[in-house]
Amino acid sequence: MTTYITTPIYYVNAQPHLGHAYTTIVADVYSRFCRLCGDDVRFQTGTDEHGDKIAEAAIKEQVSPKEYVDRISALYRESWPQLHIIPDNFIRTTDAVHIETVQRILQQVYDQGDIYFGEYTGLYCKGCERFLTEKELVDGNCPDHQRPPEAITEQNYFFRMSKYQQQLIDHIHAHPDFITPERYKNEVLSFLSEPLEDLCISRPTSRLTWGIALPFDQNFVTYVWFDALINYLTGIGYPEGESFLKYWAVAEHVIAKDILKPHAIYWPTMLLAMGLPLFQRLHVHGYWNVGEIKMSKSIGNVVRPAELVTEYGVDTVRYFLLREMSFGLDASFSSEAIVMRKNSDLANDLGNLFSRSMAMLEKYTDSQVPIPGATEEPDMILQETAVQMLSLYRENMGRFQFHRALQSVWDLISHANKYIVVSEPWVLAKEPAQQKRLHTVLYNLVETLRLLTLVLRPVMPETAQKMAAGLGLDGNDPRISNFSQGAQWGLSSAGTSLQAIESLFPRMDKPEKSGAAQAVTGASAKKNSPKKEKKKVADAEVGVIEFEQFQQIDLRVAEVVHAERIEKSDRLLKLTVKAPDTRTIVAGIAEYYTPEELLGRLVLIVANLKPVELMGVQSQGMVLAAKTKVEGKKRLVLTTVSGVVTAGSKVA
RNA sequence: GGCGAUGUAGCUCAGAUGGUUAGAGCAUACGGCUCAUAUCCGUAGUGUCCGGGGUUCAAUUCCCUGCAUCGCCA
């Protein structure tokens, strides 16, 4: 079997965050899983480096676009090894080979008549020097310049996407796995039920030069998506070469839901126009929220993968991300959740199973794998559970149902822990007559640990390596590195020497408390366990918050740059504030303040409040005001700072 | 406004083409063990399976409708 798995190429206008890391870890785990199954695997990621946003960012930093993209692209490339992600190829859209191929494809599609010159009318903002989409507008205005964009007409090149619409619909119906999970397939089909418009694939060089020149008209550069998607081909040597023929036939893409349309509509129609077969599968996943809140730069809650690795360890991060998210749906990230997973799944269940088994082997067989005796009923059940796990694991990994695959692995871990309790090796060890039985039980534990090492390898390579070392196996031993050879019961060899290793996963303290206040442990150790003690303290102090909780509130000074009444509301004002990013806040102060008197004022805001929609306007924060009474009437008085400070200053 | 998804235990989520006592993990309470990382094992709960109506001998499951949340489209 052959496998070609890709992530999107990441746009270099921002640094890698949790979402990028998740997509790339998924692709890495899948590629490792396929290798485990003996496949010839090619795994590609990279960076997308053209377009106006990049050009703007470079200007802002006063460097050339090329210098800028080199720097950010390197950040991506360097962050993957920290997560034990090993791509076979890292492609950049500024690579000469890529540029050449994109131009060749454009020429071909142009020559066959699927690209034509036409007119485009769009909403152009002079301030931004670019077209805005309807979605970006706030009340019909450019969000950055507070004025309506102009409808202007520009001549451009268009790709005849509409020509391939029906072919694409037919393909999706004929290949149920083409877009998965199903909800995204439905979304695409629903979008395709309306006539497609042709895709504008050029930008005039008068507006943008940072792009790939159209080979047939030097006055234009290529629209970023038409450029970027082609990376999946250039990265494997299209149009020539063995790699291309071998890998393109089995291509699978992993993406997040925000780029569904380019991948499920632009890309297949482009391929149809090029006369190429379509990719095999498109795997679409959801978003990681932070707690309940969407991760975003303006809220300032962006999670950096490198920090997680430092805090929790790389394998914990990989495990958590795959276990916690149902592939396709959104999931929620929090330090509480990751600590919980680490403590209960990794330390208590897996780590402790490994540790207790190894300890008994050391004590009872001098760390030698014993020779098993006759199989009894509990042994049979353990074996059956293991075999069942192997088949569920393989099936679910192949279907990108990582959380289910891991669930079945943990079913075995949990069963093995029960097996120990039922078998009571420590009792057997006391009776010489039971030695055969003891050896059987211990052998079965070794065998279970070996199978766990095998299946955990794609997800937690470092841990699997440690486990292998503990089991006295070489990392390349096919019994733990090859699924078809290793995934069966009974392959551990008696006589193998086991090695003592450190704990796989030390337990972590819960994030909310450090644990100083437990000196007062009472008589009965169990009843006054630290955990309960903490709980009681917390209950007694309802209403008091921890310093850490306070720190989570992002208070800032904001300058009011615009204010207006919200129609149909007596109480609400819509404020535009600088803090220092521009954001819209809806405040219920219209009864006490006029828009005019607010202009230029410095107010205090909560900057990381979950955004809400009030009277159809999204509010990204909250303005602080004192509640008071003047002559018996309720009154709100805005808070402010006593001196002049810059907008955006933190308040603490 | 159109289309679609989701709504199940305190929390996160499984689940059945309709059929006895609706499940798992976490959290909680109690008990057991001592090989183990204060770990592990067992027992115990709580559910108007979103509301309302319909089909049926039987609906949490199918149909209709309402509400809530989310997504896509306009």
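Owing to the predicted nature of the structure, the values given are computational and were not obtained by experimental measurement.
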Rounded to whole Å, CE of A/M358 lies from P of B/C35 at a distance of 18 Å
Check every strand shown and say whether A/L353 touches a base, only sugar-phosphate, or nothing at a heavy-atom separation below 4.0 Å. nothing
Salt bridge (charged side-chain N to carboxylate O under 4.0 Å, His left out) against A/E376, all qualifying residues, sequence neighbours excluded: A/R437
Just the rounded figure in Å: distance from C1' of B/C41 to CD1 of A/I420. 11 Å
Same-atom distance (C1') from B/G45 to B/A5, integer angstrom: 34 Å
Just the rounded figure in Å: distance from C1' of B/U34 to CE of A/M360. 10 Å
What is the separation between atom NE2 on A/H415 and atom P on B/C40, rounded to the nearest whole Å? 17 Å
For A/K185 and A/T180, what are the C-alpha separation, side-chain angles and deciding distance, and is it a side chain to side chain contact (heavy atoms under 4.5 Å, CB included)? CA-CA 6 Å; A/K185 177 173 94 174; A/T180 64; over 6 Å; no
Across the strands shown, which category fits A/D349 at heavy-atom distances under 4.0 angstrom: base, sugar-phosphate, nothing? sugar-phosphate
Just the atom pairs and distances: protein N or O near nucleotides 4-14 of chain B's N or O, under 3.5 Å.
none

To the nearest Å, give me how far apart CH2 (A/W288) and P (B/C70) are. 20 Å
Separation between the P atoms of B/C49 and B/C62, rounded to whole Å: 15 Å
Considering every strand shown, what is the Watson-Crick or G-U wobble mate of B/A59 when both distances are under 3.5 Å? none
Closest to the A/N348 side chain: B/U39, B/C35, B/U37? B/U39
Among A/H263, A/H171, A/H253, the one residue meeting ring pair (Phe, Tyr, Trp, His ring centres under 6.0 Å) with A/F178: A/H171
Taking side chain to side chain contact (heavy atoms under 4.5 Å, CB included) as the criterion, tell me which of A/N352, A/T448, A/N348, A/L353 meets it with A/I413. A/L353
With nearest nucleotides of RNA chain B determined for A/S344 and A/A359 from heavy-atom distances, which residue corresponds to the more 5′ nucleotide? A/S344
For B/A9 versus B/A24, give the span between their C1' atoms, rounded off to a whole number of Å. 11 Å
Counting N and O atoms only, with roles assigned by atom type, does the side chain of A/Y184 sit under 3.5 Å from a partner on the main chain of A/G328, one being a donor and the other an acceptor? yes
Sub-3.5 Å donor-acceptor pair from the side chain of A/Y319 to the main-chain atoms of A/L406, do we have one? no
Once you round to the nearest 0.5 Å, how far does OG of A/S503 lie from NZ of A/K466? 9.0 Å
Give none if B/A27 has no partner; otherwise give the nucleotide forming a Watson-Crick or G-U wobble pair with it, both distances under 3.5 Å. none
B/U43 and B/C64, which share atom name P, separated by this distance in whole Å: 43 Å
According to a strict under-4.0 Å criterion, is A/K261 in side-chain N/O contact with OP1 or OP2 of B/C73? yes
Pairing partner of B/A22, by Watson-Crick or G-U wobble and under 3.5 Å for both distances, is none
Atom P, compared across B/U48 and B/C73: separation rounded to whole Å: 37 Å
To the nearest angstrom, the CG-P distance between A/L445 and B/A36 comes to 14 Å
Could you work out which one of B/C35, B/U39, B/C3 sits closest to the side chain of A/R507? B/U39
Using whole Å, what does the distance between atom C1' of nucleotide B/U39 and atom NZ of A/K342 come to? 16 Å
B/U61 to B/G54 separation - P atoms, rounded to the nearest Å: 14 Å
Say we look at B/C67 and B/G10: how far apart would their C1' atoms be, to the nearest angstrom? 23 Å
Both distances below 3.5 Å, Watson-Crick or wobble geometry, any strand: find the nucleotide opposite B/C33. none
Strand partner of B/A5, provided both Watson-Crick or wobble distances fall under 3.5 Å: B/U69
NA contact type, A/F505, heavy-atom cut-off 4.0 Å: base, sugar-phosphate, or nothing? base
Does A/E187 use its side chain to pair, donor to acceptor, with the backbone of A/K261 at less than 3.5 Å? no
Figure out the CG/P separation between A/N417 and B/A36, and round it to whole Å. 14 Å
When you measure from the side chain of A/K363, which nucleotide among B/C73, B/C35, B/C41 comes out closest? B/C35
Report the residue (A/S357 or A/E194) whose heavy-atom-nearest nucleotide on RNA chain B is the more 5′ of the two. A/S357
For B/C49, the nucleotide meeting Watson-Crick or G-U wobble distances (both under 3.5 Å) is none
Is the shortest side-chain N/O distance from A/K418 to OP1 or OP2 of B/G42 below 4.0 Å? yes
Using the P atom on both, measure B/G19 against B/A36 and round to a whole Å. 48 Å
OP1 or OP2 of B/C70 under 4.0 Å from side-chain N/O of A/K257: no
Please name all residues satisfying salt bridge (charged side-chain N to carboxylate O under 4.0 Å, His left out) with A/E252, sequence neighbours left out, ordered by chain then number. A/R281
Which residue is it: A/L321, A/T23, A/V290? I am looking for the one with a side chain to side chain contact (heavy atoms under 4.5 Å, CB included) to A/L18. A/L321
